[in-house]
Amino acid sequence: MQVWVFLLLAAWFILIPASGTRYQANWESLDARPLPTWYDEAKFGIFVHWGVFSVPGFESEWFWWHWKGQNPPDQKCVQYMLDNYPPGFSYPDFAPQFHAQFFDPDDWADIFEASGAKYVVLTAKHHEGFTTWPSSYSWNWNSVDTGPHRDLVGDLAEAVRNRSLHYGLYNSLYEWFNPLYLADKKNNFTTQDFVLKKLLPELYDMVLSYKPELIWSDGDWEAPDTYWNSTEFLAWLYNDSPVKDVIVTNDRWGAGCYCKHGGYYNCADKYTPGELPKHKWEKCQSVDTQSWGYRRTMRLSELMDLPSIIQDLVQTVAMGGNYLLNVGPTPDGMIPPVFEERLRGIGAWLEVNGEAIYSSKPWRIQTENATVPVWYTSNSKYSSVYAVFMTKPTVYTFHLSEPVTAESTTVTLLGNPEPLRWAPLHPRGLILLLPELPQTPAQAWILKLDGVK
């Protein structure tokens, strides 16, 4: 379909009168849209960074930029190419080696389901511009024309949805070396050839083709939202797209937008707020602390262990956030076993403790440190408050200083139905007798308190 047809359709949809709320193409209107409830209830998702950058598998998914974009180039990347590839080898030459020959979307979806995650976000296009679906606006630089010769986005979509998981797509607005983008950049973004001929038609096509429930936008920071036409796109997305009632977006839609405009807030990568935010937010974190994409050189000491992941998840949820945990598959389509081990470990812990995480809300106090550090969540479905602790006490008596108890208060350890003996403290708090704590690789336990304020 021609570019002008996409743009005409988008403008037409925005102007069509319809019943219910219609959002205007400005931040005041768009920011007033309520976030679809599924997202806050989900709490935990899996991020997947996969693309041509997985083939060199060196340094990070920014390899091409570090090698050929930044000035001066990263000498480690330069030397890596000199040592391992013939003279004249270019980054696009990696694409035919992106075989994905062992990619089994059902196997991936089984692992994601076993992790306890409720949504999955796959890279549809990273800053390199390569699309993992057959975009007609990325001719010969997509996963059907070269490399795997298959629609990775579509194949994973089917497998994930067959397991009742929500499906989202990551999309970079900018592309490091796209000539149209570089020309607009040279013109100080007073022209929009890249946006009108490449970005927007591709975004509309992606939404219409795959109907994602989440768009994780990125690569926005070099230009204002007016260059990207972000508000016009979001107005169409919220008003007239096939996912208008369920779609969730983040806050990366132009320079200065993050933590300020959009759906939920990502703010910075690996963002950890110091106090309870007033707006829904998400922490994106990577099991490999050095990279989002696959690295051949990753070491065990550079990976988050299971207790660290669980602690990060708990603290994020206690502060009202969602936790999006990233893994980087290999270029042949395998999720490294060490990543799978982490994901299955999270799922095993959530199978016992999930009621303190899913659909939970922040309690009036997020954390305290009496016997050991404790993080609190609450869940109206169970009328319960949960105290999560990740340090095994050296004594059997356990002190919580914040809950206000009543005669009807009961305390249990999740995974153990037997009520625990407790006594009130004044003016608030309680002291209880802990049972022998079960062994868990996650090293985290949860007390369920019913009938407390």
Check whether the ring centres of [X] and [Y] lie less than 6.0 Å apart, and answer yes or no.
{"X": "Trp64", "Y": "Phe177", "answer": "yes"}
{"X": "Phe389", "Y": "Trp375", "answer": "no"}
{"X": "Tyr386", "Y": "Trp363", "answer": "no"}
{"X": "Phe233", "Y": "Tyr204", "answer": "yes"}
{"X": "Trp65", "Y": "His127", "answer": "no"}
{"X": "Tyr119", "Y": "Tyr167", "answer": "no"}
{"X": "Tyr80", "Y": "Phe58", "answer": "yes"}
{"X": "Phe94", "Y": "Tyr85", "answer": "yes"}
{"X": "His166", "Y": "Trp38", "answer": "yes"}

For the side chain of [X] and the backbone of [Y], is there at least one donor-acceptor N/O pair under 3.5 Å apart?
{"X": "Lys211", "Y": "Met206", "answer": "no"}
{"X": "His99", "Y": "Pro148", "answer": "no"}
{"X": "Thr132", "Y": "Thr123", "answer": "yes"}
{"X": "Ser115", "Y": "Arg344", "answer": "no"}
{"X": "Asn162", "Y": "Glu158", "answer": "yes"}
{"X": "Asn369", "Y": "Val374", "answer": "no"}
{"X": "Asp93", "Y": "Ser90", "answer": "yes"}
{"X": "Thr231", "Y": "Asn26", "answer": "no"}

Between [X] and [Y], is there a side-chain N and carboxylate O pair less than 4.0 Å apart?
{"X": "Asp155", "Y": "Arg150", "result": "yes"}
{"X": "Asp31", "Y": "Lys260", "result": "no"}
{"X": "Asp40", "Y": "Lys361", "result": "yes"}
{"X": "Lys118", "Y": "Glu41", "result": "no"}
{"X": "Glu302", "Y": "Arg295", "result": "yes"}
{"X": "Asp110", "Y": "Arg163", "result": "yes"}

Residues Ser308, Asp305; criterion side chain to side chain donor-acceptor pair (under 3.5 Å); working and verdict: CA-CA 5 Å; Ser308 299; Asp305 60 18; 2.6 Å; yes
Cys257 and Asp251: CA distance, side-chain angles, deciding distance, side chain to side chain contact (heavy atoms under 4.5 Å, CB included) verdict: CA-CA 6 Å; Cys257 283; Asp251 57 352; 5.8 Å; no
Quick one: closest heavy-atom pair of [X] and [Y], and the distance?
{"X": "Ala444", "Y": "Ile310", "result": "CB-CG2, 3.8 Å"}
{"X": "Ile335", "Y": "Glu340", "result": "CG2-N, 4.2 Å"}
{"X": "Ser143", "Y": "Trp133", "result": "OG-N, 3.4 Å"}

Close side-chain approach of [X] and [Y], heavy atoms under 4.5 Å:
{"X": "Tyr376", "Y": "Val385", "answer": "yes"}
{"X": "Asp225", "Y": "Trp27", "answer": "yes"}
{"X": "Glu61", "Y": "Trp50", "answer": "no"}

From CA spacing to verdict: side chain to side chain contact (heavy atoms under 4.5 Å, CB included), Phe194, Leu173: CA-CA 10 Å; Phe194 172 74; Leu173 297 180; 6.0 Å; no
If we ignore angles and hydrogens, is there a donor and acceptor under 3.5 Å between the side chains of [X] and [Y]?
{"X": "Ser138", "Y": "Asn142", "value": "no"}
{"X": "Glu222", "Y": "Tyr181", "value": "yes"}
{"X": "Tyr210", "Y": "Asp151", "value": "yes"}
{"X": "Ser286", "Y": "Asn326", "value": "yes"}
{"X": "Gln192", "Y": "Asn229", "value": "yes"}
{"X": "Glu282", "Y": "Asn266", "value": "yes"}
{"X": "Thr190", "Y": "Tyr227", "value": "no"}
{"X": "Ser384", "Y": "Asn379", "value": "no"}
{"X": "Tyr170", "Y": "Asp218", "value": "yes"}
{"X": "Asn140", "Y": "Asp145", "value": "no"}

Derivation of the salt bridge (charged side-chain N to carboxylate O under 4.0 Å, His left out) call for Glu355 and Lys381: CA-CA 9 Å; Glu355 70 176 79; Lys381 178 180 178 181; over 6 Å; no
Residue pair Phe103, Trp108: steps toward the ring-ring contact (aromatic ring centres under 6.0 Å, His included) verdict: CA-CA 8 Å; Phe103 171 50; Trp108 282 27; 4.6 Å; yes
Worked verdict on Lys244 versus Asn239 for side chain to side chain contact (heavy atoms under 4.5 Å, CB included): CA-CA 6 Å; Lys244 62 185 176 64; Asn239 288 326; 5.8 Å; no
Test side chain to side chain donor-acceptor pair (under 3.5 Å) applied to Tyr91 and Glu128, step by step: CA-CA 10 Å; Tyr91 188 84; Glu128 64 188 14; 2.4 Å; yes
Aromatic ring pairing Trp228/Phe189, orientation class (parallel under 30°, perpendicular over 60°, tilted between):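 Tilted.
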From CH2 (Trp216) to CG (Asn250), nearest 0.5 Å: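 So the gap between those two atoms works out to 5.5 Å.
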CD-NE2 distance between Gln75 and His66, expressed to the nearest 0.5 angstrom: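 With rounding to 0.5 Å, CD (Gln75) is 13.0 Å from NE2 (His66).
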Test log, rule side chain to side chain donor-acceptor pair (under 3.5 Å), inputs Asp288 and Ser291: CA-CA 6 Å; Asp288 179 358; Ser291 175; 4.7 Å; no
Which residues share a side chain to side chain donor-acceptor pair (under 3.5 Å) with Asp312, sequence neighbours left out: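 Lys283, Gln285, Tyr323.
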ring-ring contact (aromatic ring centres under 6.0 Å, His included) partners of residues 278-299, not counting sequence neighbours, each pair once: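 Matches after skipping sequence neighbours: His49-Trp292, Tyr265-His279, Tyr271-Trp281.
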Chi angles and distances behind the side chain to side chain donor-acceptor pair (under 3.5 Å) call for Thr191, Asp184: CA-CA 5 Å; Thr191 55; Asp184 287 346; 2.6 Å; yes
Candidate pair Val121 and Leu169, rule side chain to side chain contact (heavy atoms under 4.5 Å, CB included), full reasoning: CA-CA 5 Å; Val121 180; Leu169 295 174; 5.8 Å; no
